[in-house]
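Chain letters run A, B, ... following the sequence lines, proteins first, then strands; residues in each count from 1. In this text, all values refer to a predicted model and were calculated from it rather than measured experimentally.
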Amino acid sequence: MRLLLRGRDIPDLHQLSVYQANGGYEALKRALAMQPAEVIDEVKASGLRGRGGAGFPAGVKWSFIPQNEPIKYVAVNADESETGTFKDREIMEDNPHQMIEGALICAWAIQATAVYIYLRGEFWDIGDLLEDCIAEAEAAGFAGKNILGSGWSCPVYTHLGAGAYICGEESAMLSSLEGVLGQPRVRPPFPAQKGGGLYKEATVVNNVETLTNVPWILSNGAAAFRAIGTEQSAGTKVFCVSGHVPRPGNYELPLGTPLRELLVDHAGCDPENIKAILPSGGSGPIVPGTDEVLDTPLSYEAMQDLGTILGSASIIVMDNTVDMTWVASKVTKFFTHESCGKCTPCREGTYWLDKVLDRILAGEGKPEDVQLIDNVAKNMAGTTLCALGDFAANPIIHTISNFPDDFNAHVQPKPEEEKPAASAPRRGRRRRASA
Amino acid sequence: MAETVTIVVNDREYQVAAGANLVDAARSIGDLIPVFCYHPKMDPVGMCRMCLVEMGSIQRDRGSGEVMLDEDGKPQVRWFPTLQTACTTNVYEGLVIRTDTQEVDLARENVLEFLLTSHPLDCPICDKGGECPLQNLTMEHGPGKTRMVFGDKLNLDKHVPLGELVFLDEERCIQCARCVRFQDEIVGDDVLAFHERGRSLQIITNSEPGFDSYFSGNTTDICPVGALTTADFRFGARPWELTDVASIDPWDAAGSNISLSTRLDRDADGRAIVKRVLPRQNEYVNEIWISDKARFGHHFSRSADRLAWPTTGESRATWAEALEDAAGRLREAGEDLAIIAGSGLSNEDLYALQQLAQGLGSSRLGAWPPTHGGADLIAQVGVGQGSNLGALGSGDVVLVIAADLEEEVPLWRLRIKQAGDRGALLLVANSRGTRLDDFAGRQLRYPTGDAAHFLANLQKEDEEIHGRLRDANNLVIVAGAEGLDLAGSRALMQAAARILVETGHVGRPNNGLLSPLPGPNGMGLHYLGFTPENTIGIMAEPPKTLLVAQADLLADDPSAPAWLVEVDNIIELALFQDSLGDRAQVVLPIQSFAERDGSFTSGERRVQRLYRAQGPVGEALPAWQVVARIAEVLGQGRAKASAAAMMLEMSQQVPAFEGCGYRELAWTEKQDPPVGEDLWYGGTALLNRGGLGVQIPAEADRSRVKVAAPALPSRQKVDKGHLLIVPVTRLYNRERAFRATDIVWPRVPAPFALLNPDDAQRLGVDADDTIEIEVADGPAVQVLARHDDSVPAGSLALPRHLTTTAMPLTLSTGRVSKVTVAADARVSET
Amino acid sequence: MSLHDPRYKARIASHLAKYPDKRSAVMPLLYIAQEAYGWVSPKGVQEVAEICEMDPTQVKSIAGFYTMYSERTKGRYWLHVCTDLPCALNGAETFYRELQDYLGVEEGGTSEDGLFTVEHVMCLAACDKAPMLQCNFRYMESLDMEKMKAWIEERRAELEAAGQGQGA
Ligand SMILES: Cc1cc2nc3c(=O)[nH]c(=O)nc-3n(C[C@H](O)[C@H](O)[C@H](O)COP(=O)(O)O)c2cc1C
Ligand code: SF4
Ligand code: FES
């Protein structure tokens with residue numbers, strides 16, 4: 001079942017004529033015939049959750065937008081920079097109009113005055129494609145001035161990032177669009193609030209995939225959407241499968257599909273040769289390739305129960321040959337490179353972790369070093385302005401807890417050097433039970 | 001009392017100001033939440049994560065609004081799952097925090113540990129050592145030992161000049177962005193920024209010249225580590241060796257409160273000398289900021305050119321001889337005496353001079369330089385008692401006319417810019433563009449020389465703007481003298497005063513008139529009877545004997561050589577050996593502001609004390625004492641023993657100074673924000689222990705005042721082929737006293753003039769050509785031409801004191817021509 | 001080539017027209033400056049600052065934050081090789097090392113002929129086509145060293161033919 005990757009079934013779907021021949025922009029017409037609030041209600045009723053990572057209900061987010069503000073924006077998050085994520089790219093390359101239509105429906109629902117699509121800089125060619133699509137849509141009266149004769153105008157613009165993962169974080173993305181340094185900002189005020197969004201105006205930020213679902217919902221109804229997936233995770237999801245996989249790529253499947261079905265049946269993995277899985281790129285907790293894990297449904301709630309996250313569903317598979325210390329180091333290098341530098345624990349912590357991991361991998365580590373990085377990572381978690389600080393802590397904490405032997409193998413003191421530990425480990429951070 | 005809310009801190013309830021920042025609110029009840037990036041003068045950014053606390057809210061029933069109780073009958077608290085930054089929280093009813101738990105302790109320890117992973121441990125050689133927030137907070141909250149392997153530390157450049165004045169040590173920077181935010185939010189010169197990201201994040205400047213701002217030094221105060229240091233103080237001394245002495249910025253009318261850090265110094269024969277200048281908090285005056293001129297311009301007090309002993313004729317004399325000689329000449333002059341006093345003299349000095357003249361029957365007291373009229377109008381309708389530019393905001397209007405505050409009184413420009421940020425309408429009127437335009441709500445233009453006409457006719461000519469002035473909640477008018485002669489300046493002040501009176505914006509705080517009177521004591525000159533109009537009279541009809549005190553007549557006035565010829569006797573009280581000394585019969589060395597007790601009266605009529613910080617140069621005496629001792633020789637009574645005694649008498653004799661005894665001037669109160677108690681909260685700006693001063697009431701504060709309609713002077717006639725020459729001010733120039741501050745030299749431009757491109761074209765002058773300007777009374781000057789299309793055609797802006805040749809004092813006309821000079825004979829900078 | 005060259009006029013204007021604030025155009029204009037000068041040169045920074053009405057410090061700050069702006073000169077072909085985890089699991093690290101060896105350069109270096117600058121980058125959203133890289137920001141996917149060598153030699157031959165093998 002494909003609601004999003006329809007370009008695989010319909011050749012040349014990126015052309016407006018083809019898109020229209022397949023029902024394109026009918027949903028926008030339908031939306032414009034509705035009250036904005038009704039559109040929001042429909043999306044709320046569909047149970048559509050954000051596909052950018054956090055899984056926040058899209059309709060609820062739209063309903064936060066104050067109605068009386070004269071200027072409001074929709075910012076489409078096409079920064080797609082999470083390690084192992086490549087779904088938005090395919091959606092935009094093969095089915096761009098559906099995303100533009102979704103963004104315009106969202107814009108109508110909140111009565112926005114403009115849409116900005118923030119693309120990671122490497123997607124400049126997609127930017128060119130989108131520009132053409134926008135021009136086509138404008139010419140056909142679907143975007144720009146006086147859309148479909150409604151009197152409502154809403155131009156759609158693209159904006160290219162320039163190589164910064166952090167600009168996928170919504171507030172950093174807005175700063176980057178404004179021409180200030182792309183660092184996350186203090187919330188509240190949230191983007192949806194006056195003062196917190198683009199140019200301080202209330203702004204909806206949604207992921208490409210999230211918005212691309214919207215035309216389908218308007219055309220087929222919230223109930224039809226709810227019928228796909230699970231109670232708490234409605235609809236389909238594009239799963240990006242990479243790593244040690246015979247058939248890597250994007251798979252659009254109903255949410256709640258068991259991991260085993262995705263990895264074994266679709267992607268062709270040997271279930272016996274899966275050592276570990278990163279279900280949400282570098283940022284979510286790693287899980288071992290056990291039967292229990294493979295039998296977990298790919299839904300927001302089930303992945304959370306498993307102690308990890310569905311996130312953006314960039315699923316990286318590692319086989320039995322992989323050293324988890326190396327994985328921890330790899331992912332740490334990513335976050336060290338991508339930390340914006342604003343928060344002390346993230347800026348200093350990533351640098352420190354990276355240095356110690358390098359030493360461990362070079363065979364110069366001591367057993368205390370494993371305790372040290374575990375403790376440093378725990379000290380970072382939960383203390384930063386944006387979630388990158390937590391993301392960066394995850395690969396350390398969870399590789400160590402799931403695969404301690406991989407670390408010990410690097411730091412086992414050679415017998416002749418054995419000495420008592422120099423100092424007692426420091427007190428660890430006490431994790432609060434959440435209220 | 002402002003609205004309050006109840007918050008719970010560590011299980012105790014407190015009332016705090018509603019909406020206050022939690023860090024500030026907690027501090028007000030004695031809970032000092034440590035911070036690095038937060039600063040009470042700037043918007044929070046939540047970057048350093050030092051201020052993490054446990055946070056929650058008291059739960060209320062959705063329906064009834066009643067507080068929900070737990071089993072123990074205590075209010076139920078919903079806690080955040082993770083620690084929250086206090087600095088990004090504004091207090092609200094029912095906010096609950098804990099700052100004393102193990103979790104919070106650990107978080108603080110962790111943040112410090114993270115910061116110290118890359119911070120060098122070079123405290124013993126760091127300029128901030130001993131007054132370092134990082135050091136202090138590490139002592140209090142930090143980890144006992146380091147877990148970072150030394151080899152893992154990052155090595156970075158430790159001597160990066162951000163300009164001539166401020167240096168960056170990249171290793172010490174903790175990326176709190178205080179400096180970046182200060183330059184952007186508070187100053188509006190966003191010439192600092194971060195470069196790169198993550199652990200590579202570094203402060204840079206890419207302005208030309210580097211760190212191009214008149215306020216750069218303040219970043220070194222608020223930097224919570226020793227990453228930013230001034231060229232002045234770098235490796236100069238250790239903070240713990242220093243003694244701080246309260247003083248006042250000797251450069252302009254703002255009267256910024258400063259502190260002179262002194263040390264017993266080997267280079268000064270073991271005597272105390274000033275090692276650096278820091279701001280001293282006075283929320284009414286300068287808050288916690290000072291201009292770079294205030295910070296770095298103190299070097300003249302130790303310049304090698306200072307006068308060290310009295311001379312009579314050509315030769316060194318003893319004080320007794322010199323005083324005898326001076327007294328003899330004064331006795332002989334009798335009534336035929338005039339005094340010209342500079343605006344750098346203290347109130348006490350001026351009072352002594354006034355008494356001396358009175359004793360001899362002369363009332364010819366001139367103020368120097370005679371450029372700005374209307375100080376009497378400030379005495380009448382100046383900003384009301386209790387005024388604070390920091391209180392202006394939404395609904396208020398500030399009109400700045402015929403002034404270039406960036407260059408004349410930088411601190412006013414800073415505070416007025418901020419008033420604009422808070423919502424005040426900032427109107428900037430001038431005949432040309434000035435820096436303040438960048439922050440203006442509206443820019444207003446009038447023809448050169450027409451400021452007074454413009455304001456006097458405002459109601460007729462621009463109903464809308466006049467309406468904005470009329471309807472303002474509070475209205476402050478800052479009227480300068482740019483493009484005006486003295487009569488024009490006075491007329492402008494009158495026009496401004498009339499608008500204020502007619503629209504009811506006098507006699508209350510935050511309303512009234514200001515003027516960038518030159519020097520730190522322009523209002524003292526007024527209150528003690530020294531006027532620029534008298535000076536013009538003296539210049540027109542020179543007396544037999546002239547006493548000149550701290551006034552550089554020859555450097556300021558091109559016509560001085562001509563009229564001084566008619567004076568028989570010149571008695572000079574001076575800081576420096578200057579050219580007037582060659583003509584004077586008696587030259588008496590006086591002490592600089594740093595060497596003596598005294599007081600200045602600021603442009604806001606605030607009388608503020610100076611304290612003696614360092615010993616005198618040679619035999620120099622405070623000017624008041626020199627004068628009082630001459631008076632004693634003349635039989636006018638015994639000289640007072642101290643500046644305090646002078647002020648005591650003045651406070652009884654001169655009504656304006658009533659209530660200005662030194663004890664009153666030294667009065668302080670707790671200020672908000674409470675900086676200075678510790679370093680990590682407000683920076684190194686000092687707690688004010690020297691006094692907040694006393695603001696002399698304006699007449700309008702006490703009674704109704706009337707202002708006569710301005711006598712609008714006729715416009716300057718410009719001969720064919722001539723241009724109007726508008727003397728303007730540059731903060732950094734080659735004035736006698738400022739020349740001693742050599743670290744700022746690279747920032748002093750080669751002498752130049754600003755020309756309208758059309759005029760330039762007509763004269764065949766390209767940018768950077770040398771032009772010669774001939775004015776009626778005085779020598780021609782050669783300067784470089786710069787094009788500026790905001791300068792109206794037909795006039796030329798000529799910065800004062802960029803050459804050592806005197807330039808016209810006030811608006812005049814002159815002939816401008818291009819000169820062809822050999823490349824090696826280009827306009828020299830000194 | 002300066003940003004004031006007529007060829008950029010329309011593009012600059014269209015970017016400025018997108019945003020309510022000129023400052024927002026700083027990123028697109030930096031790309032144009034990079035195109036005009038071959039890198040984000042001091043002059044380019046100055047020109048962008050003037051057009052966007054920003055202090056040059058702020059422009060420099062933006063240029064330094066993002067990896068796709070280069071503040072130093074580079075070879076004609078910038079090869080951004082993804083060595084992030086999914087690619088690395090599929091041999092990208094070896095591929096990158098071999099590529100470096102073949103060109104005789106270290107990380108960030110430029111080959112002696114001045115043609116190729118190599119750098120490793122983080123995930124480029126093409127994980128299913130590892131090893132991969134971007135050459136002057138164009139995707140080249142599902143690579144191996146044989147393909148790469150051929151490609152490199154083609155580029156060299158191309159320039160040889162055009163008679164400008166040296167320096168770009
Ligand atoms: C460090 C960081 C990086 C992120 N990167 C992306 C991204 O590349 N694309 C994306 O859609 N969301 C990303 N997000 C999530 C966004 O902040 C935001 O939650 C999302 O765009 C909201 O859209 P949604 O509700 O449709 O998911 C990132 C978040 C963080 C903290
Ligand atoms: S957590 Fe890291 S990336 Fe996020 S704002 Fe803080 S420093 Fe920047
Ligand atoms: S984060 Fe609150 S003081 Fe820095």
Side-chain angles (χ1 to χ4, degrees), chain A residues 163-166 180-188 335-356 358-359 364 366 368-369 371-373 375-376 378-386 388-390 423 425-435, chain B residues 36-37 43-50 52 54 56 76-85 87-90 101-103 105-107 109-119 143-145 147-149 151-154 174-177 180 184 193-202:
Chain A
Y165 168 71
I166 192 59
V180 299
L181 213 55
Q183 294 183 321
R185 31 199 208 202
V186 171
R187 280 152 296 169
F335 290 116
T336 307
H337 189 258
E338 299 301 340
S339 165
C340 81
K342 193 167 183 176
C343 308
T344 307
C346 171
R347 178 185 67 240
E348 307 292 340
T350 51
Y351 172 81
W352 193 3
L353 292 173
D354 182 44
K355 284 279 174 190
V356 181
D358 276 354
R359 254 189 301 115
E364 289 158 18
K366 304 194 189 69
E368 304 91 86
D369 284 334
Q371 284 162 1
L372 174 69
I373 55 174
N375 184 253
V376 168
K378 285 175 179 156
N379 289 347
M380 283 165 68
T383 64
T384 51
L385 202 54
C386 88
L388 195 147
D390 296 296
S423 60
R426 277 181 52 217
R427 327 172 252 172
R429 232 178 105 73
R430 183 163 55 87
R431 304 285 287 168
R432 298 179 65 85
S434 105
Chain B
F36 284 114
C37 67
D43 288 342
V45 286
M47 293 172 72
C48 74
R49 318 306 286 176
M50 189 62 198
L52 291 169
E54 290 185 32
Q76 207 170 304
V77 177
R78 186 194 180 102
W79 294 96
F80 277 96
T82 55
L83 301 180
Q84 300 291 308
T85 42
C87 76
T88 59
T89 306
N90 291 334
T101 61
Q102 202 196 342
E103 175 118 359
D105 273 355
L106 200 53
E109 185 180 321
N110 289 338
V111 170
L112 281 164
E113 180 178 44
F114 280 127
L115 287 174
L116 293 171
T117 55
S118 33
H119 196 82
K145 57 199 294 189
R147 300 192 289 171
M148 178 97 171
V149 174
D152 286 349
K153 277 201 184 227
L154 201 60
I174 59 165
Q175 286 81 18
C176 69
V180 173
D184 180 24
F194 280 122
H195 192 240
E196 306 254 349
R197 67 187 189 210
R199 189 59 201 86
S200 306
L201 208 59
Q202 277 305 345

Nearest 0.5 Å, what's the [atom1]-[atom2] distance between [X] and [Y]?
| X | Y | atom1 | atom2 | answer |
| --- | --- | --- | --- | --- |
| B/R197 | A/I166 | CZ | CD1 | 9.0 Å |
| B/E196 | A/C340 | CD | SG | 13.5 Å |
| A/T383 | B/F114 | OG1 | CZ | 6.5 Å |
| A/Q183 | B/F194 | CD | CZ | 7.0 Å |

Is the backbone N or O of B/C48 less than 3.5 Å from a side-chain atom of A/T344, with the two atoms forming a donor-acceptor pair by type? yes
Do any N or O atoms from the side chain of B/R199 and from the backbone of A/E348 form a donor-acceptor pair under 3.5 angstrom? no
Could you tell me which of A/G341, A/C343, A/P345 has the largest number of non-hydrogen atom pairs under 4.5 Å with chain B? A/P345
Return the option, out of A/H337, A/E338, A/K342, with the maximum number of heavy-atom pairs under 4.5 Å with chain B. A/K342
B/L52, B/I174, B/V149, B/L154: which one forms the most heavy-atom pairs within less than 4.5 Å of chain A? B/L154
Run the side chain to side chain contact (heavy atoms under 4.5 Å, CB included) check on B/K153 and A/W352 step by step: do they pass? CA-CA 9 Å; B/K153 277 201 184 227; A/W352 193 3; over 6 Å; no
Check this for me: does any side-chain nitrogen of one of B/D152 and A/R359 sit under 4.0 Å from a carboxylate oxygen of the other? yes
So does A/E368 pair up with B/R147, basic N to acidic O under 4.0 Å? no
So, the part of B/L115 with a heavy atom under 4.5 Å from chain A: the answer is both
At a 4.5 Å cut-off on heavy atoms, which part of A/L181 comes close to chain B: side chain, backbone, both, or neither? side chain
Could you report the tightest heavy-atom contact between B/V45 and A/V186, atom names first, then the distance? O-CG2, 3.2 Å
